[in-house]
Every structure is written in C-alpha cells, then in structure tokens.
A.B. asks: 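First the structure, then my questions, so here it is.
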Amino acid sequence: MAFETAAVQEPDYLHVRPKHTGIGAWLLTTDHKRIGLMYLYTILTFFACGVFFGFMLRLELLTPGRTVIDPQTYNSFFTLHGVIMIFLVVIPAVPSIFGNFFLPIMIGAKDVFFPRLNLLSWYLYVIGGTLALVSLFLPGGPVDTGWTFYIPYSVRTTTNVVPAISAVFILGFSSILTGVNFITTIHRMRAPGMTWFRMPLFPWSLYATAWVQVLATPIIGITLLLVGIERIFKVGIFDPALGGDPILYQHLFWTYSHPAVYIILLPAMGVISEVIPVFARRTIFGYKFIAYSSIAIAFFGSLVWGHHMFTAGMSDSSMFIFSFLSFLVSIPSAIKVFNWTATLYKGSIALEVPLLYALAFVIHFSIGGFTGLMIGALSIDIHLQDTAFIVGHFHYVMFGGTGFGIFAAAHYWLPKMFGRMYNKKTAIVAFAHIVIGFNLTYFPMFVMGYLGMPRRYYDYLPQFQIYHVISTVGSWILVAGLIMMVVNLIRGMISGPRVGPDPWGGTTLEWTVPTPPPVENFADVPVVTTGAYDYSRYAETTEKEVVL
Amino acid sequence: MNGTIEVQAVPLHRDDEGSRMGMWLFLFTELILFGGMFIIYAVYRFSHPAEFHLAAQELDTSVGMINTIILLTSSMTMAMAITAIQKKDKILSMALVSATLVLAFAFLVNKFFEWSTKFSHGIYPGSTELMGKPPGEVLYFGLYFVMTGLHALHVMIGMGLLAVNLAFIKRGIVTWDKSVKLETAGLYWHLVDLIWIFLFPLFYLIH
Amino acid sequence: MFTNSSTFSNSVDTAFLYTTVLSAIVLIGIITAMIYFVVKYSRNKNPVPKNIEGNTTLEVTWTLVPLVLFMSMFYFGWEGYRDMRNIPKDAMVIKVTARMWQWSFEYPNGLQTDTLYVPVGRAIRGDLHSMDVNHAFYIPAFRVKRDVLPNKANNVWFKSEKTGVYDIACAEYCGMKHSYMYTKIYVMEQKDYDTWYANASRKAGKIATRDTVGTKTTTAPASSAKF
Amino acid sequence: MHENIGKTEHIVEYKTYAYIWMALITFTGVTVIAAGMNLGNWTVFVALAIASIKGLMVMNVFMHLKFEDKVFKIFAMVAFAILMIFLGGTMNDFITIRW
Ligand code: HEA
Ligand code: HEA
Ligand code: CUA
Ligand SMILES: [Cu+2]
C-alpha cells in the first residue's frame, strides 16, 4: 500500500490541545489511541499483581509443607492469579491495547465506530478489575474456588465469591462491548478500496475474536450471575443440595471458557502474522488460508468445550464428539504455524526483537498445542486431567503463546505509539532470560504431571520436589527477564532515540502515517489499491499464488 | 477531541445502518444470555419432566396470557411510534411511546401481583415450603424466579430507554430524519417481547 | 514409563509415547526449518527477497497430513477410553465415599476402611459418591481418574496387575486441605487378601485401618510408590 | 467506502403492524389451546414451533430485519446457530448419558 506520508504535520495524539484539560484529557477522551494507552497502563498494573501471585505460588512450592504461606492463602492466590491473568490480562490485552490503537489505523479509519462506548468499556474494565482486587481485602477473605468457580464448592465456601464473580461479570460486559465495537468498525469503516481480502491479518483475527467475544461471553455472564443469585438467595439452580446438577454448571462454564482461550490466542496470532512478513520483507505465505483459519478457529472453538470435562462423567457419545472436535480445531492452528514458517522462505530476514518474540511464539505455542493434542486424546486425559501437566499446557499456550505475542507486539508497535525506540541490546538479553526462565519454569510441570502430581496442590509428595525446585528457580529467571524487559521498554518510551514513521519497513497503513500518529490518523482518507502485504518494492520477482 | 483548537469529539460521519448493526450485535448477546438459562431449563425439564409438570400447575395461565398480550401490544405501539416519527408526526409518536411505557408498566404491575401471590403461598427462594418439595420443583421455581425476574429487569431497562427517547423526541433530538436512537431503543424493546414469547409457553403452558 | 501396574497403564503410556514422539518430530522439523531459513535468508546474505504468495498444493498437504495424524491420535485415545468404560460384569464392587478431606471405602460385606485394599488381578468397580463438594478419585500409577460428585453417581473400574502400595490422590480441587486428601491402595495376593478381609471384617463397624492419611512425609517409604 | 450512507430506512405502514399484531394474538390463543390438548411428547415442540413463528414475525417486521441488509440476516442466523450448538452440545450429554 504505497502512500505518501501526510504532508501537513498535524500535532500527534499525545500533544494535541484537547477539549478537556488535565487528567480529563485522558479520562474523558474518546480517541481510540488514548484509550489504547489507558488500557496499556491499567493492564500492566493488574499484570504486575498477577505476576506477584504467580511468583508466590512458585515460592511456596519450593519445598513440601509450608514454605511461606498457609494453605488457605495458597488457594486464594492461585484463584486470584488465574482470575487476574485470564480475565484482566490475556483476554483484554491484545484487542484492547493494540487492537484499539491499530485496528482503526490499519483499516484506514479515523476512530472506532462507537468511540464513547469504547471509553465505557475501559471504565467497566477498571471497575471490574478493581472489584477483583478489592475482594482480596473485604471481610470473608479472598476467594478460594479456583478460577473455574466450580459448583458446589463455590456456594459452600465462605470467602468472597460474590465480589469476584461480579468482577468477572463486569469484565465480560467490557469484553462484549469491545467486540460489538470492533465488528461494527470493521464492517462499516474500512477505507475506500480496503476490501476484505486487502485487510491486514491482524484486523482479520480481531474480527474473528470479536465474534467469539460477542457470542460466547454472555454464557459465562449468566452462569456466574446465577451462581451469585444462588449464593445470596438460595435459589435452586446448580447446587446439588437443592437438586441441581454439578456437571451442568461445568458445561456452561466451559461453553464460554473454552472459546475464551481462543479469544486469548487469536489476536496474538494476528500479531504474529503482522510481524513475520515485515521482518522477512516479503509477502505473507498463504494470506487467505491464514485469514480463513482465524474464522475456522473461532467457529470450531465453540464446539469443543467438553474436553475439560473428560473425567466428570459425561456420556460416551459426548466424550467421542468433544475429543474428535478438539482434534479438528487444531487443524487451523497447524495451518497457521506452517504458513508462518513458510513465510520465512526466501525472505530477507532481519532478526530484530519483535521477530525473535514472534518465532518464540511459534515454537512455544506449538509445544503448548502438542500437549493440547495429548490431553485431547481421551485415555491420556483421564490420566492427566487436573495434574501439573495441564498447568504446563496452558502456560505454554497462554504465556508462551499469547504472552510472547504481546511482547512481540510491544516491541513492534510501541515505537510507533510513542515515537521512540528502546535499547535493542537490552531487549535481546531480556528475551534470552525470558525464554530460558520460561522453559525451566513450565517444562518440569509436564514431567511431574505425568508422574501424577495433581494441580492446585499446596503440598506434595517428596518425590516431586526436584521438579518443583527447577520450576521455582526458573520462575526467578523469568521474572528477572520480565522486569528487565519492562524497564527497558519504559525507559525507551520516555527517553529513547526518536524514530520516523516507518522504522521497520512495514507495508500496512499504520506505517504510512506520522509517528506518533495525529489525532485524526489520516490527513486525507486513504485509498487502498493493493493487498496488505505488498512487498514488491523490495523484491525483484513476485510469484503469484500457485493454484492446483 | 481534535486538531489544534477545538473540534467535535465524535468523528464526523453518520451511519445509521452501522448504529443499528451495533445494536443488533448487542441484542445477540442478550439473546444468548437468556439462551444460557434456556439451556438450563432444557436440561432440567428433560431430567425432571414430571416435577416440572406438577410445579407448572401452580402458575396461573391467564395471568401469563394477559401479560403476553400486553407485551405484544406494546411491541406494536413501539413499532408504530417509529413509523409516526418518520412520517413527521411528532405528537403521535410521543403518544405511542407513552402508550408503550404504560403497557410496560402494566406488565410489571401484573408481574408484581403474580410474584406476591407466589410469596404468600410460601413459594419463594429458600422458603421452607419450597424446600419441602421434590428437587425438580425447586429447580423449576428457581428458574421461574430468575428468568422472569431477569426479564422484568430488562423491561425496566427498556422503559428507561423509552423514557429517554420520549424526551429526545420532545426536544427535537430525535426527528423524522434522525430517528436512529428511537429505532435502536425500539429494537431493544422488541427483544424484551421476543424473550417473553418463549418464556410464556415454557413456564405457563406445561400441561 | 511402562510399569504395567494396571490394565490401563499400558494403553495410556503407549498412546502418550506415540503422541509425544510424533509431536517431537514435527517440532524438530519446524524449528530446524525456522533456523535454516533465518540463517540462509538473513538480510546480509539475501538482501533481495522473493515474494511468494502461496501454494495451494502445499496448503492442502499440510492440512491433510496433520488431519490424518490427528485422527490416529484420536483413535488411540478413544480405544483406550473404551476399555476404561467397559466395566466387567463380575467386578468386585467397592463403594467409595469422599468428603472434605478424606476417603472411605465400603466393601461388599459392609466393611469400611479409609485405605483401599484390593486383590491383585481382580477387576474392581468403585461406585463413587461425595458427601459435600466435587472430588476426584485418582490412582496415578493405574492411570485411572474419575470425579466424585455429590448428587450424581459416577463409577470407575480398574484391575491391578502387580502387588504393592500405590497412592490415591484427590484430583479435583475441594478446599483447604485438597492437597492432603491422599490415601493408599494396597494390592495383595488373593490369599493374603482373603486373610486380611476375614480379619478386618470381624472388627467391622468401625474404621479398620488408619495408617496413611495426613502427613505424607512420615510415610515416605510407601509414598515413593511404585510408578 | 461506507461514508455517509446515512439513512436507508424503509417506512412501514401502521396497517402492516396491526396485521402482524393480530396474527401474534391469534397465535397466542392457538398455543394456549394447543397446550390444553393432550399432545403427549409433541406439546413442547408445538409450543416452541408456534413461539418461533411469533418470534420470526416480531424480528422480521417489528424489528425490520426483513428490510435490512443481507449481513444482518446472516448475523442473526449465526447467533441462532451458535445458541443451538451450545444447547445441542449440552443436551446431548444428558440425553445419551444412560445409553
Ligand atoms: C490460549 C489458550 C489455549 C489454547 C490456544 C489451547 C489450545 C488447545 N487446548 Fe487447552 N487449555 C487452556 C488454554 C488453551 N488451550 C487452559 C487455560 C486450560 C485449563 C483450564 C483449567 O482447567 O484451568 C486448557 C485445558 C485443556 C484441556 C483440558 C485438560 C483437562 O483439564 O483435563 C484440553 C483437553 O483436550 C485442552 C486441549 C487443547 C487443544 C487440543 C488445543 C488446540 O487448539 C491446540 C492446537 C495447536 C497445535 C496442535 C499446535 C500447532 C500445530 C502444528 C504445528 C501441526 C502439526 C502437528 C502434528 C502433526 C502433531 N486444553
Ligand atoms: C495468561 C495467563 C497466565 C500467566 C501469564 C501466568 C503466569 C504465571 N503463572 Fe500461572 N496460572 C494461570 C494463568 C497464567 N499464569 C491460570 C489460569 C492458572 C490456574 C489457576 C487455577 O488453578 O484456578 C495458573 C496457575 C498457576 C500455577 C499452578 C497452581 C496450582 O495448580 O497449584 C502456578 C504454579 O507454579 C503458576 C505459576 C505462574 C508463574 C510463576 C507465572 C508468572 O509469574 C511468570 C511471569 C510472567 C511473565 C514473565 C509474563 C507473561 C506476560 C503476559 C501475559 C503479557 C502482559 C503484557 C502486558 C501487560 C503488555 N500459575
Ligand atoms: Cu478432595 Cu480435592
Ligand atoms: Cu479448552
């Protein structure tokens, strides 16, 4: 998409003289870019809390018996760790930070379709997040149900379940509104010439995600609402003591929460699809297949929730169907992995930090995915369900996948957002720490899980200690790397060297506007004439897609 | 917030179809919210058919039917209010929106008496009377209370939206060529009706 | 890995090995390709890229090949699972009751214990029931697990192949002492078992043995159970 | 591309609404009567079928779905299909559990 950079230098979005002044310039803004930044700061804050809890979990597991905290505290810590990481960090992170900021620019729009609704989403997010944290300190004690809130424990325990599920409910609302906003934006606000198949893959993945957000989130909303009502008013819905069925709760919970893992994953996959071609300086391999596979993941992802209930006592036909579909949903992921790898072929590759994270994403997500396949197989999952193996699986996909995707996005786009570059050497050192620490922390979990170490265990048998020690030491390296990375990014954004509009040589629309972007994004409405990844300006030959 | 000095907050172009699209998407989430409860209903009705049958005898079909008619009528007046405003008949439109509000209120009053009768018969969540019943009936009434209760909550939200729109019409914010706010509020109102269309047979008509 | 301590351990371990090896091969393939490309086509060595938009033959291949492999994995899993649900008619029935945070086992003659005793080579069916919240009956060495739910009957079966002592864990989060909800299963020769059964039953009515629950460290020898 | 599409409404006559209203009331009567008859296992299906017809009328006419762009209809079908999948996936477990 060849464009002239906007000639007239409008003030960028960070330096305009806004309608509201002081703090109101942020809290009352409807500029999608500022809202994106507000998400960045708030998510980072909650993320720090989540890391703290995760760190404490690992510390406690260093030795059998008590190391630093008591069992009740441990139980609330893993619950809050799960709730914060899932609902407050990885679900909103990519869409709300980078999606908000770049989706409108990438499709050539001035803002999202409902700017004020967008601001409302942020407020809901903050209220929900605060409520989750406040529940820590309310009388009754922090919630200790696990992030899954399984019935009947969640109606039995005396801890603050109601504040926690209200928090999740509100966060769900926020997520739904973001989804509604993005779908409408993509349908109605694409620039002239920006056809569906000229749209970059990041908007594509956000589009697929948005549908999952819109159609699946209400299920968890209502389910948790009912748990709350059941707790407060003793209405009989799920509680076995009142005749309810504990498995029904699980069905409804996972009906949302499995699709949710693809809400977590898809946007990060979109990031990877952006990063790889830019640093390989060539068009992406199999554009349409990647685009369609996002939709396929979103659709098939809605059909497989039962694989979390293989030991719960489902009917054999359900077991068969859910296991079978779990394998089918893995196909589109496989397609993406192969296309990304193929995109490196005959490129002109610069191994910059974003690409490092992107490649780390592909590898670690694949490991997570492979272990997903193993537990998708019925007999294996019977053995591994609720063991440390599962913990390993989901940290690999969510952190090795989405987490690394977020880091890739941060190193790729933050310079655009703030107009400055971080220190690349430090970034690489931090990357090395993170990768090593990550694998040390989570790989032992596969081993001990297979040996029979259950999850959500405060205490454990002595034969597992060696794995726990490795894992805990790994978490120290991991957190050290993380701190290094964040500090480096923050310093870079404050005082790093300035960068021009297109530091990486990208082709999507966001690189055609000044850095940082002006308030209205585009001086003139852009007119798109080519596909999103048109690298012909670097290449000598272009090979059209070979059709059978 | 814009450029150098001062520009309006929200960009610029107007796209009513897009606004309606947003509203529809939101309605799907509402639909699925209630859908979740219909799933629970389906499972429990399947596993406790006889008890559901028995419990349903406690509900008064005629009350349910009256409420159905009230809501259907209110949906019609709502739809007509939009036609009226589009035909530049501001007064008629306001009258029709008001009629919708009155009907909505009647629905709630009706619901209130229905619930109070249940309560006075000792049927309310956690009551000893209810707890003495077999599990299927406890579940039936649990669902009855949460589903009609949540529906009533939606009626109230809908009333709020309509009231605001009434003011909009009066003040000329909603006019014949800028009616999308009223239209989206109308969409919301019809959804409330739509859900009731399913609630009615499922709770009142199990014979 | 292969201990053959129960009828299922073999099929589960085989399936696991199969999927692991397959995954490892694919993973190594991907990593190798990646490193190769990054080195071979680095910007220094290859300043001018070549745009290749795609290749449908390749796409179809890497859709169908994984599909076939995935189906084979699914098949392994399903076959193994079928055995787990195919409960022999002549299995000995033991009622397993879970409550926060202990197990209790009731044998056909009404004898109750908090540690499970079974004869080797005999199919055992556990009828699972919980008094309070969800638990899960898990014998890692036997590769069996099944949730124990209130108000919903569940069952599980297994046949041990080797005598010995193994751990039973609770694998569904159930509150504060979830991680202490351990007990043991003693697998004995049939004649030892008969003696034990007769002796213990004489004292029937009260809980027969109490040697393992709680502090796991004190039972270290037994808990480093055979894997 | 989509700049300033503005309004594209279709103004529906009062009469049309009145007819639909009459049909809705009639169907309400029908469903009450049908429920009174002894249809055995079919009761639920008849009730749901009638409710669906009523629902379609409300959506198409009162909510103008009929006059909207094709994507709106596709959206509605997708949402409905997903709900049915959720329902089917869950129900299947409870229906086949004793097989
Ligand atoms: C981002 C989040 C995410 C993602 C993407 C996934 C992806 C997958 N998950 Fe995971 N999962 C979780 C998050 C995620 N999961 C969480 C949080 C839990 C635990 C919840 C809890 O209990 O707390 C969980 C639990 C979980 C379970 C339940 C375990 C249990 O409790 O018993 C299962 C079972 O089937 C499962 C399966 C899968 C499968 C099959 C995939 C697939 O989508 C993976 C597909 C990807 C690949 C397969 C890799 C790429 C493919 C190739 C390179 C192709 C070539 C390969 C071959 C030919 C072998 N997951
Ligand atoms: C994405 C989600 C996520 C992430 C990132 C993490 C991060 C960590 N987790 Fe995890 N964890 C969960 C989700 C996550 N966790 C969930 C859902 C559970 C289950 C809870 C339950 O059982 O109910 C769990 C449970 C869990 C357990 C098991 C508890 C048990 O079963 O007994 C342990 C134990 O070691 C653990 C450790 C850690 C550690 C040490 C970290 C970290 O401290 C490591 C350091 C983190 C990083 C280096 C960065 C990751 C970065 C990002 C995701 C991006 C942020 C980006 C911006 C803000 C821009 N976690
Ligand atoms: Cu019992 Cu965990
Ligand atoms: Cu899942």
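Throughout, protein chains are lettered first and strands after them, A, B, ... in sequence-line order, and every chain is numbered starting at 1.
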A.B. asks: Could you check whether any side-chain heavy atom of B:D15 comes within less than 4.5 Å of a side-chain heavy atom of A:F113, counting everything from C-beta outward?
C.D. replies: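 Sidechains of A:F113 and B:D15: in contact.
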A.B. asks: Quick check against the 3.5 Å criterion: does B:Y44 have a side-chain atom that pairs as donor or acceptor with the backbone of A:I237?
C.D. replies: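 Here the side-chain-to-backbone pair exists.
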A.B. asks: Between B:V138, B:I40, B:L130, B:L143, which shows the greatest number of heavy-atom pairs under 4.5 Å with chain A?
C.D. replies: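 Of the options given, most contacts go to B:I40.
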A.B. asks: Looking at B:K181, I want to see if its NZ is surrounded by more than 12 non-hydrogen atoms of other residues, nucleotides or ligands under 6.0 Å.
C.D. replies: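 No, not enclosed.
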A.B. asks: Below 4.5 Å, heavy-atom pairs only: which of A:T255, A:I229, A:D239, A:D245 has the largest tally toward chain B?
C.D. replies: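 Looking at each of A:T255, A:I229, A:D239, A:D245 in turn, A:D245 comes out on top.
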A.B. asks: Atom CZ of B:F26 and atom CD1 of A:I183: how far apart are they, to the nearest 0.5 Å?
C.D. replies: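 Answer for the CZ-CD1 pair, B:F26 versus A:I183, is 13.0 Å.
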A.B. asks: Between A:L225 and chain B, with a heavy-atom cut-off of 4.5 Å, which part of the residue counts as in contact: side chain, backbone, both or neither?
C.D. replies: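 Interface part for A:L225: side chain.
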A.B. asks: Under 4.5 Å, counting heavy-atom pairs only, tell me which of A:T217, A:V214, A:L248, A:I219 racks up the most with chain B.
C.D. replies: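 Heavy-atom pairs under 4.5 Å are most numerous for A:L248.
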A.B. asks: Are more than 12 heavy atoms from other residues, nucleotides or ligands located less than 6.0 Å from atom OH of A:Y123?
C.D. replies: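 More than 12 within 6.0 Å, yes.
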A.B. asks: Given heavy-atom pairs under 4.5 angstrom as the criterion, report whether the side chain, backbone, both or neither of B:L150 touches chain A.
C.D. replies: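 Side chain of B:L150 only, per the 4.5 Å heavy-atom cut-off to chain A.
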A.B. asks: Can you give me the closest heavy-atom contact between A:T184 and B:G22, atom names plus distance?
C.D. replies: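 A:T184 and B:G22 have their closest heavy atoms at OG1-CA, 3.7 Å.
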A.B. asks: Which heavy atom in B:P135 sits nearest to a heavy atom in A:G243, and how many Å separate them?
C.D. replies: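 B:P135 and A:G243 have their closest heavy atoms at CB-CA, 3.6 Å.
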A.B. asks: Just so I know, are the side chains of B:T29 and A:F173 near enough to count as touching, which here means a heavy-atom distance under 4.5 Å?
C.D. replies: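 They are not in contact (no side-chain heavy atoms under 4.5 Å apart), so the answer is no.
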A.B. asks: Check A:F233 against B:P125 and note the closest heavy-atom contact, atom names and distance.
C.D. replies: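 Residues A:F233 and B:P125, closest heavy atoms: O-CB, 3.2 Å.
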A.B. asks: If you count heavy atoms of other groups shown closer than 6.0 angstrom to CZ of B:F119, is the number above 12?
C.D. replies: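 Enclosed.
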A.B. asks: Where on B:F34 is there a heavy atom nearer than 4.5 Å to chain A: the side chain, the backbone, both, or neither?
C.D. replies: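 Contact with chain A is absent: no heavy atom of B:F34 under 4.5 Å.
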A.B. asks: Taking side chain as everything from C-beta outward and backbone as N, CA, C, O, which of these in B:V146 sits under 4.5 Å from a heavy atom of chain A? Side chain, backbone, both or neither.
C.D. replies: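 Looking at B:V146, just its side chain touches chain A.
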A.B. asks: Mind checking whether A:L226 and B:M37 have side chains closer than 4.5 Å, heavy atoms only?
C.D. replies: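 The answer is yes, as the side chains (C-beta and beyond) meet within the 4.5 Å cut-off.
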A.B. asks: Pick from B:G149, B:G35, B:S19: which one has the most heavy-atom pairs with chain A under 4.5 Å?
C.D. replies: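 The answer is B:S19.
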A.B. asks: Side chain from CB out, backbone as N, CA, C, O: work out which of these in B:S47 comes under 4.5 Å of a heavy atom of chain A, or both, or neither.
C.D. replies: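 When you check distances to chain A, no heavy atom of B:S47 falls under 4.5 Å.
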A.B. asks: Nearest 0.5 angstrom please: B:E17 CD to A:R188 CZ, how far?
C.D. replies: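 If we round to the nearest 0.5 Å, B:E17:CD and A:R188:CZ are 4.0 Å apart.
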A.B. asks: With a 4.5 angstrom heavy-atom cut-off, could you sort out which part of A:L242 is near chain B: side chain, backbone, both or neither?
C.D. replies: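 Both parts, heavy atoms under 4.5 Å.
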A.B. asks: Side chain from CB out, backbone as N, CA, C, O: work out which of these in A:L215 comes under 4.5 Å of a heavy atom of chain B, or both, or neither.
C.D. replies: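 Its backbone and side chain both get close to chain B.
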A.B. asks: If you count heavy atoms of other groups shown closer than 6.0 angstrom to NZ of B:K87, is the number above 12?
C.D. replies: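 Yes, NZ of B:K87 has more than 12 neighbouring heavy atoms, counting only those of other groups under 6.0 Å.
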A.B. asks: Counting only heavy atoms closer than 4.5 Å, note whether A:L177 contacts chain B via side chain, backbone, both or neither.
C.D. replies: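 Just the side chain, heavy atoms under 4.5 Å.
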A.B. asks: Decide if atom CG of A:D524 counts as having more than 12 heavy atoms of other residues, nucleotides or ligands within a radius under 6.0 Å.
C.D. replies: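 Count not over threshold, so no.
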A.B. asks: Less than 4.5 Å to any heavy atom of chain B: does that hold for the side chain of A:F182, its backbone, both, or neither?
C.D. replies: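 When you check distances to chain B, no heavy atom of A:F182 falls under 4.5 Å.
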A.B. asks: By a 4.5 Å heavy-atom criterion (distance strictly below it), what part of A:N181 contacts chain B: side chain, backbone, both, or neither?
C.D. replies: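 Nothing of A:N181, per the 4.5 Å heavy-atom cut-off to chain B.
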A.B. asks: When heavy-atom pairs shorter than 4.5 Å are enumerated against chain B, which of A:L117, A:I222, A:I176 gives the highest number?
C.D. replies: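 Highest number of pairs under 4.5 Å: A:I222.
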A.B. asks: Under a 4.5 Å heavy-atom cut-off, does chain B meet the side chain of A:F238, its backbone, both or neither?
C.D. replies: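 For A:F238, heavy atoms of backbone and side chain both lie under 4.5 Å from chain B.
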